[in-house]
Amino acid sequence: MKLSAFARKLTADAGITSLMDDLGNAMASGDDLIMMGGGNPGHIPEVADRIREILAGISQNDEDIRRLVGVYDPPQGEKRFISALVDLLNREYGWGLTPDNIALTNGSQAAFFMLFNMFGGEDGEGGHRHILLPLAPEYIGYADAGIAPELFRANKPEITYTGEHEFKYRVDFDALDVTDQTGAICVSRPTNPTGNVITDEELARLESLARQHDIPLIVDGAYGTPFPSLLFTDAAPTWNEQIILCLSLSKLGLPAARTGIVIASAPVIRALSGMNAILNLATGSFGAVLAEPLVRSGEILRLSRDVVCPFYRQKMVKAVAVFTEAMAGADCPWYVHRPEGAMFLWLWFPGLPISSLELYRRLKARGVLVVSGHYFFPGLSGEDAGWAHQRECLRVTYSQDDDRVADGLRIIADEVRAVTAQAERP
Ligand code: PLP
């Protein structure tokens with residue numbers, strides 16, 4: 001059997017598939033691992049209670065049960081949810097949306113696959129268009145999403161030091177090269193893996209570049225604004241026809257409902273709906289029907305701001321405090337990316353004597369599952385491909401139980417100290 005080049009890439013690459021397999025197998029192994037590797041949301045009782053209440057209401061009503069599981073929705077997605085979201089976003093932000101501006105997908109991951117292949121790859125005129133990631137490190141889930149080879153070009157960030165042991169990446173606009181072959185620009189905001197939030201000013205500059213080149217700026221708001229709002233810094237909710245804003249219900253606490261939301265100009269939504277029809281026939285209704293009452297009443301925004309955001313903020317503060325204490329007086333340089341959002345600490349150990357992949361292996365052997373940072377640099381090429389920084393970072397998820405996270409962080413600190421001490425021995 002001969003596989004296509006795209007399928008071969010998926011079977012050979014150590015990308016999102018092998019990472020998700022590794023995390024899934026580790027979870028299923030029954031070993032008592034401290035899980036700081038995945039992107040699973042934490043358990044927030046107030047969110048779970050509201051979902052339980054809504055489900056109970058649906059279960060009492062024949063028409064609602066039918067909407068939940070008994071009908072194929074149109075390929076654009078569940079109409080009542082879309083209409084409620086249009087009303088909410090227009091009311092709150094004045095975006096002037098109509099239902100033609102929103103499509104649902106089976107998780108936002110599926111939206112990225114469709115969008116990247118809508119704007120990148122062969123252009124039918126002999127050209128090859130790429131997706132520009134203006135700030136690497138960037139979400140590993142993009143890495144293998146191109147049917148055409150070499151879909152991504154990424155830019156190294158500017159590194160600024162914001163504290164004794166804290167740094168922040170910024171877009172290096174001087175090095176950013178948007179060309180006639182750029183099909184779209186894409187950023188996650190907040191960024192997975194770093195917890196960085198590109199500033200309103202950076203976003204405006206990216207939008208202006210996109211406008212100059214008549215290409216979309218794809219903003220991945222899986223953790224962002226207006227919901228679920230895992231944001232610990234100011235970031236204005238922004239949309240206009242130059243922007244394709246991708247949202248998700250996953251990080252609110254509904255990852256298994258697989259509901260992604262794309263807000264874009266009407267032609268983009270039409271094309272996306274066409275792809276949805278080919279790939280899925282219809283999108284799943286479950287998440288849309290479940291979340292519709294929260295959207296219709298605006299409660300989704302209140303829950304995001306007043307419950308979800310503080311839940312993650314206090315976890316982040318604890319995690320930083322524990323790691324800072326555990327690294328106190330360490331001989332090796334260490335930094336945490338300024339944690340401005342999402343659910344990750346991004347740790348950087350300049351000059352780490354072993355690779356981050358080897359550090360991941362050693363931590364796994366000690367019962368702590370994290371993700372090696374080298375996965376998160378899709379699209380770096382030329383000289384940048386060898387950038388040592390890629391092998392000096394770890395992504396650590398702090399969404400789970402605080403005490404377990406604290407234990408995991410102490411083990412990471414202990415291992416880094418041990419590795420450094422070993423390297424220094426004559
Ligand atoms: N974008 C980012 C930055 C993510 O971290 C994730 C998942 O972790 C996704 C998109 C995809 O999420 P989903 O497909 O569950 O909406």
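Both counts, for ligands and for their atoms, begin at 1 and track the order of listing. Heavy-atom basis, side chains included; hydrogens, waters and symmetry copies ignored.
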- S356 and R391: side chain donor to acceptor below 3.5 Å: no
- For ligand 1, which atoms have a heavy atom of S248 less than 4.0 angstrom away? 13 (P), 16 (O)
- May I ask you to check whether S188 has an N/O atom sitting below 3.5 Å from an N/O atom of ligand 1? no
- Message: Just to verify, which of V405, L409, V320 counts as forming a side chain to side chain contact (heavy atoms under 4.5 Å, CB included) with Y398?
- Response: V405
- Which atoms of ligand 1 have any heavy atom of N192 under 4.0 Å away? 3 (C), 4 (C), 5 (O)
- With a 3.5 Å cut-off and no angle check, do the side chains of N240 and E207 form a donor-acceptor pair? yes
- Proximal ligand 1 atoms for R258, defined as those under 4.0 Å from one of its heavy atoms: 13 (P), 14 (O), 15 (O)
- Item | Protein contact to atom 9 (C) of ligand 1 [nearest heavy atom, distance to 0.1 Å] | Y139 OH, 3.5 Å
- Task: Indicate the ring-plane relationship of W239 and W95, choosing parallel, tilted or perpendicular according to the 30° and 60° boundaries.
- Result: tilted
- Query: Are W346 and Y335 linked by a side-chain donor-acceptor pair shorter than 3.5 Å?
  - Reply: no
- Task: Would you kindly specify which portion of S250 sits under 4.0 Å from ligand 1, judged on non-hydrogen atoms: side chain, backbone, both or neither?
- Result: side chain
- If you have a sec, work out which protein heavy atom is nearest atom 8 (O) of ligand 1 and how many Å separate them, to one decimal? K251 NZ, 2.8 Å
- Any idea which of A256, G107, A110, S108 brings a heavy atom closest to atom 10 (C) of ligand 1? S108
- Note on the structure: atom 3 (C) of ligand 1: closest protein heavy atom, distance to 0.1 Å, is D220 OD2, 3.3 Å
- Message: Closer than 4.0 Å to some heavy atom of A222 - which atoms of ligand 1 meet that?
- Response: 1 (N), 2 (C), 10 (C)
- Using only heavy-atom distances, determine whether the side chains of Y142 and Q109 contain a donor-acceptor pair under 3.5 Å. no
- Query: Do S355 and H374 have side-chain atoms, one donor and one acceptor, less than 3.5 Å apart?
  - Reply: no
